[in-house]
Amino acid sequence: MEFTQEQITEIISEITNGASGLQGLVKQGLESLMLSERSLHNEALSDVSNGFRGRRLCHGGKIFELRVPRSRNSNFYPMLLGVLKDQEEEAQKLVSILYCSGLTTEQVGKIYEQFYGKHYSKSQVSRLLNTAREDVNAWLVRRLDFRYPILYIDATYVLTRRDESVSNEAYYTVLGVKEDRTREVLTVVNFPTESATNWKDVFEDLKERGVSVVDLLVCDGLSGIENALADTFPKADLQLCTVHLKRNIAGKVKPRDKKQVMEELKQICAPDQWDINPEKAFENFKDFILRWQKSYPPLKRYQHERYRFYFTYFKYEREIRGMIYTTNWIERLNRDYKRVINMRGAMPNPQAVILLMGTVAQNADIYKYPIYNFLESKLFY
């Protein structure tokens, strides 16, 4: 049957003005394209038509229930479905981006409904995130480099629901500087608390994933961390964070003396000193403690030999000391974690925290660029 141009215009007008409106016209157009494609398929492969199957498409705030043609040999797949599949993957990616940017599953569901015309419950949004979870889980077990000149480690605490109760649990992060002077997060691990024993387990896992050589570990002053490091990477140097040291000492001094104490400590820890090595810096520090412990006896504990690890950075070039004598880089990463997590309150489980932290860590674009100051350091020869 052939139609005149006027008849075609009248038919289209009736469809668009009908109950389904433009949506009905689009639906018929899509189905006609697939029917035409099946006819070509049947002709080329001597196949036979075999009815239809249903397929739902969400687009432009509308839901289309399409009749997808089938063939008897079951090898006909309309090209249009490839486009629809891409749209589904894009929608799934949108859900992942929104959730990992700080929105709750309920908020993501509302936005998805607004743009795609289909409501998703919190549990449905959670299922859409399965691909993101799989990606993060695969990233967490990937093979690592043989050598990392520098590792920065720290734990941050997140309110996490477990066994019908909520508590602050520790989430361990290892940030590595690679031989090409770029950075990457090696792992994110959950333990209820932070301890040197747990860190030893983390180091052992890194070794199983391919890490054999670590030259320098930078961390806070966690008790026993030097033993965990010696047991796993015995040739690595240890640098404890001087910012933590200064903060701890400041808390033991009265306000009237704090300015002078901190000025002296600043001079001892200044990374741009020329004629100084770790041993000399530690001696200067012990002399400083000896003077001030007369007024503040609790400072006596800082005479312990363990505090020499706060001055390891004087072993290295002046150009990189400011980058290795604190845990500032990983503290900044912790703030990025909290910016996403704190929008939610208590997290439903540790896996949800790992998903968010892993996504943040993977998408830190700044880590892709080499650190210029490391160019001349012997750590990267």
Problem set entry | side chain to side chain donor-acceptor pair (under 3.5 Å) pairs, two or more places apart, involving residues 145-154 | Arg147-Glu179, Arg147-Asp215, Tyr148-Glu184, Asp154-Asn334
Exercise. Under the side-chain contact (heavy atoms from CB on, under 4.5 Å) test, which residues partner Asn349, sequence neighbours left out?
Worked result: Gln351, Ala352
Exercise. Which hydrophobic side chains are connected to Leu375, either touching it within the sub-4.5 Å cutoff or through other members that do?
Worked result: Tyr372
For this session: Drop me the distance from Leu40's CG to Leu45's CG, to the nearest 0.5 angstrom.
Result: 10.5 Å
Exercise. Using 4.0 Å as the upper bound for N to carboxylate O, is an ion pair formed by Asp272 and Arg321?
Worked result: no
Exercise. Taking it one step at a time, do Leu379 and Tyr316 satisfy side chain to side chain contact (heavy atoms under 4.5 Å, CB included)?
Worked result: CA-CA 8 Å; Leu379 278 171; Tyr316 298 95; 3.7 Å; yes
Exercise. Hey, are the side chains of Ile153 and Thr173 touching, using non-hydrogen atoms and a 4.5 Å cut-off?
Worked result: no
Exercise. Does Lys368 pair with Asp365 as a salt bridge, N-O distance under 4.0 Å?
Worked result: yes
For this session: Spell out, as yes or no, whether a donor-acceptor pair under 3.5 Å connects the side chain of Asp257 to the backbone of Val253.
Result: no
Problem set entry | Joint hydrophobic cluster, Ile330 plus Ile371, side-chain heavy atoms closer than 4.5 Å | yes
Exercise. Does the side chain of Trp292 reach to within under 4.5 Å of the side chain of Gln260, using non-hydrogen atoms?
Worked result: yes
Exercise. Just by modelled atom types, is the Thr327 backbone N or O under 3.5 Å from a matching donor or acceptor in the Asp220 side chain?
Worked result: no
For this session: Mind checking the CZ-CD spacing from Arg38 to Glu43? Nearest 0.5 Å is all I need.
Result: 14.0 Å
Exercise. Which pairs pass side chain to side chain donor-acceptor pair (under 3.5 Å) with one or both residues in residues 238-248, sequence neighbours excluded?
Worked result: none
Exercise. Applying the 4.5 Å side-chain criterion to the ILVMFWY set and letting contacts propagate, would Val188 and Ile366 be lumped into a single cluster?
Worked result: yes
Exercise. Taking the side chain from Arg161 and the backbone from Pro350, do they hold a donor-acceptor pair closer than 3.5 Å?
Worked result: no
For this session: Only one of Met323, Glu317, Arg318 passes side chain to side chain contact (heavy atoms under 4.5 Å, CB included) with Asn373; say which it is.
Result: Met323
Exercise. Quick check, are the ring centers of Phe282 and Tyr307 under 6.0 angstrom apart?
Worked result: no
Problem set entry | Short side-chain donor-acceptor distance under 3.5 Å, Tyr172 and Thr156 | no
For this session: Before accepting this row, confirm whether a basic side-chain N of the pair Arg332/Asp336 lies closer than 4.0 Å to the acidic partner's carboxylate O.
Result: no
For this session: Step by step, work out the side chain to side chain contact (heavy atoms under 4.5 Å, CB included) result for Phe288 and Val261.
Result: CA-CA 9 Å; Phe288 159 81; Val261 168; 3.7 Å; yes
Exercise. Any side-chain heavy-atom pair from Phe203 and Val214 closer than 4.5 angstrom?
Worked result: no
Exercise. With side chains defined as the heavy atoms from C-beta onward, is the minimum distance between Val189 and Tyr171 less than 4.5 Å?
Worked result: no
Seminar exercise, completed: CE (Met347) and CD1 (Ile341) are apart, to the nearest 0.5 Å, by 6.0 Å
Exercise. At their closest point, which heavy atom of Tyr367 faces which heavy atom of Ala361, and how far apart are they?
Worked result: CD1-O, 4.4 Å
Exercise. Are Leu140 and Phe191 linked, directly or through other ILVMFWY residues, by side chains that come within less than 4.5 angstrom of each other?
Worked result: yes
Problem set entry | Evaluation steps, side chain to side chain contact (heavy atoms under 4.5 Å, CB included), between Tyr313 and Cys269 | CA-CA 10 Å; Tyr313 63 101; Cys269 296; 3.5 Å; yes
Problem set entry | Qualifying salt bridge (charged side-chain N to carboxylate O under 4.0 Å, His left out) pairs, either residue in residues 280-309, two or more places apart | Glu226-Arg306, Glu264-Arg291, Glu283-Lys286, Lys286-Glu305, Glu305-Arg308
Exercise. At what distance, to the nearest 0.5 angstrom, does CD1 of Ile225 lie from CG of Leu240?
Worked result: 9.0 Å
For this session: Report yes or no: do Thr326 and Asn328 form a side-chain donor-acceptor pair below 3.5 Å?
Result: yes
Seminar exercise, completed: On a heavy-atom basis, the closest approach of Ala170 and Ala155 is CB-CB, 4.4 Å
For this session: Return the set of residues passing side-chain contact (heavy atoms from CB on, under 4.5 Å) with Arg143 (not counting sequence neighbours), or none when no residue passes.
Result: none
For this session: Look only at the side chain of Thr182 and the backbone of Asp180, and say whether a donor-acceptor pair between them is shorter than 3.5 Å.
Result: no
Exercise. Under 3.5 Å, is there a donor-acceptor pair between the Tyr325 and Thr312 side chains?
Worked result: no
Exercise. Do Glu263 and Lys259 touch side chain to side chain, with heavy atoms closer than 4.5 Å?
Worked result: no
For this session: Would you sort out whether Leu229 and Cys219 count as a side chain to side chain contact (heavy atoms under 4.5 Å, CB included), showing the intermediate values?
Result: CA-CA 11 Å; Leu229 181 63; Cys219 63; over 6 Å; no
For this session: Taking all non-hydrogen atoms of both residues into account, name the closest pair between Ala281 and Phe311 and its distance.
Result: CB-CD2, 3.8 Å
Exercise. Roughly how far apart are Ile324 CD1 and Ser377 OG, rounded to 0.5 Å?
Worked result: 7.5 Å
Exercise. Given the rule that I, L, V, M, F, W and Y join up when any side-chain heavy atoms are under 4.5 Å apart, are Trp139 and Val340 in one cluster?
Worked result: yes
Exercise. Is any side-chain heavy atom of Thr359 closer than 4.5 Å to a side-chain heavy atom of Asn363?
Worked result: yes
Exercise. How about Asn42 and Ser39: does a side-chain donor come under 3.5 Å of a side-chain acceptor?
Worked result: no
For this session: Please check if atom NZ in Lys266 has more than 12 non-hydrogen atoms from other residues, nucleotides or ligands closer than 6.0 Å.
Result: no
Exercise. Looking only at side chains, do Asp205 and Thr187 share a donor and an acceptor under 3.5 Å apart?
Worked result: no
Exercise. Does CD belonging to Glu204 count more than 12 external heavy atoms closer than 6.0 Å?
Worked result: yes
Exercise. Are side-chain N/O atoms of Arg162 and Ser167 paired as donor and acceptor at under 3.5 Å?
Worked result: no
For this session: Check whether any side-chain heavy atom of Val185 sits under 4.5 Å from a side-chain heavy atom of Leu333, and report yes or no.
Result: yes
Problem set entry | Leu216 side chain reached by Val218 side chain, heavy atoms, under 4.5 Å | yes
Exercise. Can you say whether the rings of Phe374 and Trp329 are parallel (under 30°), tilted (30 to 60°) or perpendicular (over 60°)?
Worked result: perpendicular
Seminar exercise, completed: Taken to the nearest 0.5 Å, the spacing of Ile150 CD1 from Leu175 CG works out to 9.5 Å
Exercise. Taking the inter-plane angle between the rings of Phe285 and Tyr302 on a 0 to 90° scale, is it parallel (under 30°), tilted (30 to 60°) or perpendicular (over 60°)?
Worked result: perpendicular
For this session: Check Arg209 against Arg142 and note the closest heavy-atom contact, atom names and distance.
Result: NE-O, 3.0 Å
For this session: Test Asp163 against Ser165 for side-chain hydrogen bond (donor to acceptor under 3.5 Å, both in side chains), laying out the working first.
Result: CA-CA 6 Å; Asp163 299 329; Ser165 65; over 6 Å; no
